[in-house]
**Q** 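Pasting in a structure now, in structure tokens, and then I'll have a few things to ask.
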Amino acid sequence: MDERWAIAAEEGGGAVLARLQPDGQPAGHILHEPDLAAAVGSRPQVTRWVWRSSAEIYPRLLASGVRVDRCYDIENTEGLLLGHAGRLGEPRSLAAAWARLTGAPVPPDPPARAAVPGEQSSLFEIQEEPVAFEALLQVYADQLRRHGDAEHPERMRLLTASESSGMLVAAEMDRAGLPWSETVHRELLAELLGERFGGSGEPRRLTELADEVSAAFGHRVRPDLPADVLKAFKNAGYQVKTTRRWELETLDHPAVAPLIEYKKLYRIYTANGWSWLHDWVHDGRFRPGFLPGGTVSGRWVTNGGGGLQIPKVIRRAVVADPGWSLVVADASQLEPRILAAISRDPALMKVAGDSGDLYKAVSDEAFAGNRDMAKLAVLGAIYGQTSGDGLKNLAMLRKRFPRAVAYVDDAARAGEEGRLVRTWLGRTCPPSGAPLDAATLEGPPADEPTPDSRHARARGRFTRNFVVQGSAADWALLMLAALRQALAPLKAELVFFQHDEVIVHCPTEEAEAVSTAIQAASDLAGTLTFGPTPTRFAFTTATVQNYADAK
DNA sequence: GACTAACGCATA
DNA sequence: ATAATATGCGTTAGTC
């Protein structure tokens with residue numbers, strides 16, 4: 001039984017709410033109640049809550065111990081609908097949507113507040129003037145109609161529903177937090193970097209390595225200043241253009257080894273050192289501030305602390321609670337499988353129908369068993385390779401998997417021509433900024449590319465990748481939604497999500513059930529997103545005490 | 001002091 | 001196998 005209610009927070013902790021008819025209009029009286037969380041918590045029969053912003057409301061509900069099954073996030077949906085209509089970038093607040101509906105001047109979105117370490121996810125909340133409840137009801141009804149204007153209305157409904165669900169997942173993950181051992185982290189820092197001068201100065205190891213670098217050059221060189229390092233190498237007779245690690249590695253000079261070690265440790269020191277620990281880890285939990293759909297392609301971002309860039313060495317600090325385990329699962333070779341599902345290339349679907357090594361299967365099919373070649377060709381197709389040996393491999397791929405390559409080629413061409421490009425469910429890549437003239441588009445891969453043609457080509461690589469990466473993000477939303485539902489009766493908690501990888505923290509006795517639930521969620525997401533497809537989305541799962549042991 | 005660009009590197 | 005996609009973020013140097 002579908003029972004929808006709309007709700008909005010009122011001053012002083014109260015709420016205004018109303019039951020809705022299927023068309024979004026209120027089904028009865030509009031109620032005012034003194035306690036927002038109680039208003040929701042006392043209505044467990046409600047199947048979907050319609051509200052302005054999950055980031056505004058849901059952390060408050062969670063803080064009161066109230067969870068909801070489903071929601072409909074009006075401002076998030078407004079962004080997706082605007083994007084689909086090629087109007088990404090227009091204000092997406094409820095107030096703006098209401099103004100567009102009534103013909104009033106459209107207010108710009110308030111600027112997002114800067115990240116504040118340790119604060120709960122409500123920091124994403126758009127701070128704006130309260131809008132009448134009537135506006136919320138009317139904008140909701142209007143959005144329901146606008147879904148019908150989409151190229152694939154059913155897919156669009158799936159997209160907005162699943163991203164609303166993603167908002168719930170994000171708030172719940174931030175509430176739970178990733179278990180983080182401050183002790184292990186400090187031990188790790190001491191082991192890698194040594195003690196700090198005066199307890200808070202530069203770590204001993206960095207000072208030593210900087211001295212080694214200077215000694216190797218015979219004069220003072222500061223390794224954290226690229227200009228300094230470049231000059232030193234040039235004076236020593238080495239031609240280098242940058243101080244990037246892979247370029248330095250080609251040089252035969254005694255400064256190289258300590259320099260590379262310095263860069264590695266310096267990165268850890270600045271990005272995940274003592275200050276990071278102080279700022280971002282509290283009460284044994286790291287809360288990255290997940291934001292679903294934070295990128296154009298629909299990938300999530302985090303609001304602070306570099307939550308999606310936790311270096312592998314630092315993962316030793318992610319430790320399950322006593323008696324609990326971490327179920328770490330990543331979707332294997334996700335992007336080529338997504339390409340199979342969206343392109344419906346028969347040969348690629350066939351190899352993606354097996355959960356084994358996809359690149360090996362592709363190599364058997366088209367590259368005489370050379371897996372490296374096959375992998376390069378597939379990645380080249382997805383990323384838009386422009387040079388190198390891979391091009392030859394790409395030609396072979398095109399021959400054996402024509403529909404798959406045509407799919408991304410079409411996306412690239414659409415991008416180069418400035419047309420809209422969409423993911424499978426309808427998330428839309430905004431049109432390119434600079435319009436391109438016909439000559440630019442026709443122009444052959446000129447010997448000397450014009451800025452416009454370079455721009456068009458870069459655009460094409462972007463949109464080529466967008467359809468795959470973005471459709472993977474579509475799939476991931478449905479996978480998370482299904483997993484969240486499956487975990488609801490357990491003690492297990494989703495605590496981390498990173499593009500194609502999830503971590504569930506659970507009592508050890510639940511680990512097996514969790515692993516099963518993850519694969520089931522993956523299978524369900526495949527069917528829900530793409531319809532019946534032979535493509536398998538296999539998860540590689542490890543149950544560990546320590547994140548570092550998962551790989 | 002606030003802001004930005006360029007750089008470099010961590011993740012998928 | 002650092003070529004190609006997407007990000008976040010901390011540093012320094014330069015500008016206002």
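Note on naming: letters A, B, ... go to the chains in the order of the sequence lines (proteins, then strands), and numbering restarts at 1 for each one.
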**Q** Other residues, nucleotides and ligands only: do more than 12 of their heavy atoms fall within 6.0 Å of NZ on A:Lys360?
**A** yes

**Q** Base, sugar-phosphate, or nothing: which does A:Arg244 touch, judged by heavy atoms less than 4.0 Å apart?
**A** sugar-phosphate

**Q** Under 4.0 Å between a side-chain N or O of A:Lys263 and OP1 or OP2 of B:dC9?
**A** yes

**Q** Using a 4.0 Å heavy-atom cut-off, does A:Ile268 contact any base of the nucleic acid, only the sugar-phosphate backbone, or nothing at all?
**A** nothing

**Q** Measuring from the side chain of A:Val301 (C-beta onward, heavy atoms only), which nucleotide among B:dG8, C:dT7, B:dA12 has the closest atom?
**A** C:dT7

**Q** Side chain of A:Lys312 only, heavy atoms from C-beta on: which candidate in B:dC7, C:dT7, B:dT11 is closest?
**A** B:dT11

**Q** Between B:dA10, C:dA6, C:dT7, which one does the side chain of A:Arg245 approach most closely?
**A** B:dA10

**Q** Does a side chain donor of either A:Thr541 or A:Gln519 reach within less than 3.5 Å of an acceptor in the other side chain?
**A** no

**Q** Rounded off to whole Å, could you give me the CG-to-P distance for the A:Leu248 and C:dT2 pair?
**A** 14 Å

**Q** If you measure from the Lys or Arg side-chain nitrogens to the Asp or Glu carboxylate oxygens, is any gap between A:Arg204 and A:Glu208 under 4.0 Å?
**A** yes

**Q** Taking the minimum atom-to-atom distance to the side chain of A:Thr242, which one of B:dG8, C:dT12, B:dA12 wins?
**A** B:dG8

**Q** Taking atom P of C:dA6 as reference, at what distance in whole Å does atom CD of A:Gln469 sit?
**A** 8 Å

**Q** Does NZ belonging to A:Lys375 count more than 12 external heavy atoms closer than 6.0 Å?
**A** no

**Q** Please state how far atom CH2 in A:Trp246 lies from atom C1' in C:dA1, giving the value in whole angstrom units.
**A** 13 Å

**Q** By nearest atom, which of the nucleotides B:dA12, C:dT7, C:dA4 is closest to the A:Arg461 side chain?
**A** C:dA4

**Q** Please report the distance, rounded to the nearest Å, between CH2 in A:Trp280 and P in C:dG10.
**A** 8 Å

**Q** Output the single nucleotide from B:dA12, B:dG8, C:dT12 whose closest atom is nearest the side chain of A:Leu225.
**A** C:dT12

**Q** Between B:dA12, C:dT11, C:dT5, which nucleotide gets closest to the side-chain atoms of A:Phe462?
**A** C:dT5

**Q** Under a 3.5 Å cutoff, is there a donor and acceptor pairing between the side chains of A:Thr242 and A:Glu247?
**A** yes

**Q** Kindly point out which of C:dC9, B:dC7, C:dT5 is positioned nearest to the side chain of A:Arg267?
**A** C:dC9

**Q** Can you tell me the distance, in whole Å, between the NE2 atom of A:His499 and the P atom of B:dT11?
**A** 12 Å

**Q** Distance check: side-chain N/O of A:Thr243 vs OP1/OP2 of B:dG8, anything under 4.0 Å?
**A** yes

**Q** Which one, B:dG8, C:dT5, C:dT7, comes nearest to the side chain of A:Tyr383?
**A** C:dT5

**Q** To the nearest Å, how far apart are A:Phe497 CZ and B:dA12 C1'?
**A** 10 Å

**Q** Can you find a heavy atom in the side chain of A:Leu477 that is under 4.5 Å from one in the side chain of A:Trp300?
**A** yes

**Q** Can you tell me how far P of B:dA12 sits from CZ of A:Phe466, to the nearest Å?
**A** 22 Å

**Q** Would you kindly give the CZ-to-P distance between A:Phe290 and C:dT7, to the nearest whole Å?
**A** 18 Å

